[in-house]
Amino acid sequence: MASCSSTKLVVVFAYLVLLTFSDNLVTGESDNVKLNLYYESLCPGCQDFIVHYLVKVFDSDLYTITDVKLVPFGNAKVSKNLTVTCQHGEEECKLNALEACGIRTFTDPKSHYWFIRCVENDTKHWESCVKNYGFEKYIYDCYNGDISKELILEYAKQTMSLKPPHEYVPWVTLNGKPLDDSVQSLDDFVAQICKAYKGKAPLPKLCDSSVLMPKSPKRKVPKLQVSYADKAINN
Ligand SMILES: *[C@@H]1O[C@H](CO)[C@@H](O)[C@H](O)[C@H]1NC(C)=O
Ligand SMILES: *[C@@H]1O[C@H](CO)[C@@H](O)[C@H](O)[C@H]1NC(C)=O
């Protein structure tokens, strides 16, 4: 009898577990904050954002409540014959393609983030990032082949279908909504992610410190600069 009721218990428990998970299975979504970054590789504000702001998500427990998606296209344009023109010239198109290949190769956001941060921190020496992060052959095959062009056209589509459209880069959306104004400080950025989280898990430790911390008198990170789309392609 004892064994019979414990079997029942196990079944009930398994059923409850299944119910809990099927919630997420049905919608196919997690409760995590969806942070999308629309950017281009050579805009100084984008580099600053990736190196000094976004790093907070990946070097802390903020990562557990945030799903980051990087979209390297920014203010580039696609002509009718599918030629891509980038705001900061050909070099930017090449680095966007490289980073698209990084995203494809290192599928986990945490892995491709560190690769892209390496490139954005020192764009002139991107080759050493490819060497240091491995999968060189995959990256170069993608970069030199048609795959990178297809990836960029897909990112173009995602960028151009933004509602509301992006006004400048870096353009960050949290759960599909543009970040309030532009980010004023690193604390501000972290606080906005914490605020956007509607899931049931306890908030990461970083949320306590950043939301409750009195505003630090000195900013370690300067206010973000942005690049507007209108700033002509030929400068
Ligand atoms: C594509 O169109 C642009 C102008 O829109 C032109 O400058 C370029 O040469 C064309 N490229 C090809 C491969 O036809
Ligand atoms: C960024 O690049 C500089 C060289 O330009 C290097 O000294 C520094 O260690 C790099 N920082 C990171 C976080 O990769």
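Start at 1 and go down the list; that is how both ligands and their atoms are numbered. Basis for what follows: all heavy atoms, side chains included, without hydrogens, waters or symmetry-related copies.
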Name each N or O atom in ligand 1 that is under 3.5 Å from a protein N or O, and give the partner atom and the distance.
from	atom 1	to	atom 2	distance (Å)
ligand 1	2 (O)	Asn81	OD1	3.4
ligand 1	2 (O)	Asn81	ND2	2.5
ligand 1	11 (N)	Asn81	ND2	2.9
ligand 1	14 (O)	Asn81	ND2	3.1

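- Looking only at distances, a side-chain donor or acceptor of Ser60 sits under 3.5 Å from a matching main-chain atom of Leu62.
- In this structure, a donor-acceptor pair under 3.5 Å is present between the side chains of Glu99 and Tyr39.
- For the residue pair Phe73 and Asn96, the shortest heavy atom distance occurs at O-ND2, 4.0 Å.
- Asp67 and Ser30 share a side-chain donor-acceptor pair at under 3.5 Å.
- Remark: Tyr63 OH is packed, more than 12 non-hydrogen atoms of other residues, nucleotides or ligands lying under 6.0 Å away.
- Listed by number with element, the atoms of ligand 2 under 4.0 angstrom from any heavy atom of Arg117 are 13 (C).
- Donor-acceptor pairing under 3.5 Å is recorded for the side chains of Asn81 and Ser79.
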